[in-house]
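Nothing here was measured: the structure is a model prediction, and the numbers come from that model. Reminder, nothing fancy here: chain letters follow the sequence lines and each chain counts from 1.
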Number of protein chains: 2
Amino acid sequence: MDVRERILEAAAALYSTVGFRGTTTRRIAADAGVNEVTLFRHFGSKEALIREVISRGWSRFCFEALPEQPGDPATEIAEWALRYYGLHAECAAFIRTRLGEFQEHPEILPTTEPPPPARIAALLAAYLERLQQEGRMRPDIRPARAAAMLIGALFADAITRVGVVQMYGTSPDEDVRQYVQIFLRGIGVTS
Amino acid sequence: MDVRERILEAAAALYSTVGFRGTTTRRIAADAGVNEVTLFRHFGSKEALIREVISRGWSRFCFEALPEQPGDPATEIAEWALRYYGLHAECAAFIRTRLGEFQEHPEILPTTEPPPPARIAALLAAYLERLQQEGRMRPDIRPARAAAMLIGALFADAITRVGVVQMYGTSPDEDVRQYVQIFLRGIGVTS
DNA sequence: CCTGTCAGCAAGCACCCACTTGCATCCCCT
DNA sequence: AGGGGATGCAAGTGGGTGCTTGCTGACAGG
């Protein structure tokens, strides 16, 4: 593999577990099997390196929208939620450290505005809005709020599951499906 | 105020924003208006100090149970949820850093087992179970799962709101009430 | 065959870190 | 009035940090 790639990968793994301060240039170099100097020759500084690591981390969260024309909400939302959950569970360590450091290093931000989480929520909210316009969802519920709720539940589960196992069931898959089920009944969508 | 208390308070504030590595003994001493040596004389080491800070942080999350005998679930759960939300929003910074570091410093753990989050979820789950036994909640839903969902939604909102404002409404209070409303309808509780 | 690029290696720089020591100072308690 | 415990101050220790410099060899392209 390319040297530059090896460095980025090692740095990403380190960052996810020990954060910015814990990710020392010496450890990155050692983990990547590369001389420490090489790292500076490629990226200039540690901060620039980590900035690229984080930017790459964020870029994984590009998410496809839900169907433009809602068909069967139960399966469409369930599948979307499972994808959302899987992606976030996979990157849970990265998200946790990023969440803990975003106020300390606000200068390292995704170039996109609004940030990925808000954009993903907006996708679901737009879908719900269409559902509502077609009269298939209770009119007294704000789509954005409902979306925030379901996404919040998925997000919290994906991110805390490894740490607080006792709170959850044994099968993330079944849990997610139940969340969606409760959610759909809650917003008055009958399938 | 007591010197020891001033140190603990400064350390807690620092830890919440910059984490373990960022919380240097020099900064703690400066913020507390105390000589750096005093800090070591009181706590022995930085690790011991932070351990106490974290232990105190956790101890705030002792939470009263819901009513033993469910009356009106809508108001009882809503008020409980609002308290849960308020407490977590207040300690959001602490929780975020803790969440990002718990796998790096697992030795610093709350002395209670299971950890506070799981215990709080258990309180809600127990309440739902009673509701279910009385036939006031759908029987095909696992109380623990439902509890995890609502708490997850509240948790994610409380913790990410300051960072991803665009995702949420302007009033946390109304958002929480709507979450509860959707939740209750979703699990088949009619008020 | 020469030249330019890339990487390794050894050494070092200035700085910050947690933590220690020795001594002066204060102030409360008896 | 005196003694003891808590605090401040100055200085320093060893180690880790980001980053730099100068030199080496490998290797590909003209």
Check the distance between [N]'s [atom2] and [X]'s [atom1] and give it to me in whole angstrom.
| X | N | atom1 | atom2 | answer |
| --- | --- | --- | --- | --- |
| B:F40 | C:dT21 | CZ | C1' | 13 Å |
| A:R4 | C:dT5 | CZ | P | 17 Å |
| A:E36 | D:dT17 | CD | C1' | 9 Å |
| B:I7 | D:dT7 | CD1 | P | 8 Å |
| A:F20 | D:dT17 | CZ | C1' | 11 Å |
| A:D2 | C:dT5 | CG | P | 18 Å |
| A:R41 | C:dG8 | CZ | C1' | 8 Å |
| B:K46 | C:dC16 | NZ | P | 15 Å |

SB check A:E174 B:R145 (cutoff 4.0 Å): yes
Return no unless some side-chain N or O of [X] is found under 4.0 Å from OP1 or OP2 of [N].
| X | N | result |
| --- | --- | --- |
| A:T25 | D:dT17 | no |
| B:R26 | C:dA18 | no |
| A:T38 | C:dG8 | yes |
| A:H42 | C:dA7 | yes |

A:W80 side-chain N/O to A:E64 backbone N/O, donor-acceptor pair under 3.5 Å: yes
Residue closer to the 5' end of DNA chain C, A:N35 versus B:V37 (nearest nucleotide): A:N35
Over-ring placement of B:K46 relative to B:F20, 6.0 Å and 45° cut-offs: yes
Over 12 foreign heavy atoms within 6.0 Å of CZ, A:R130: yes
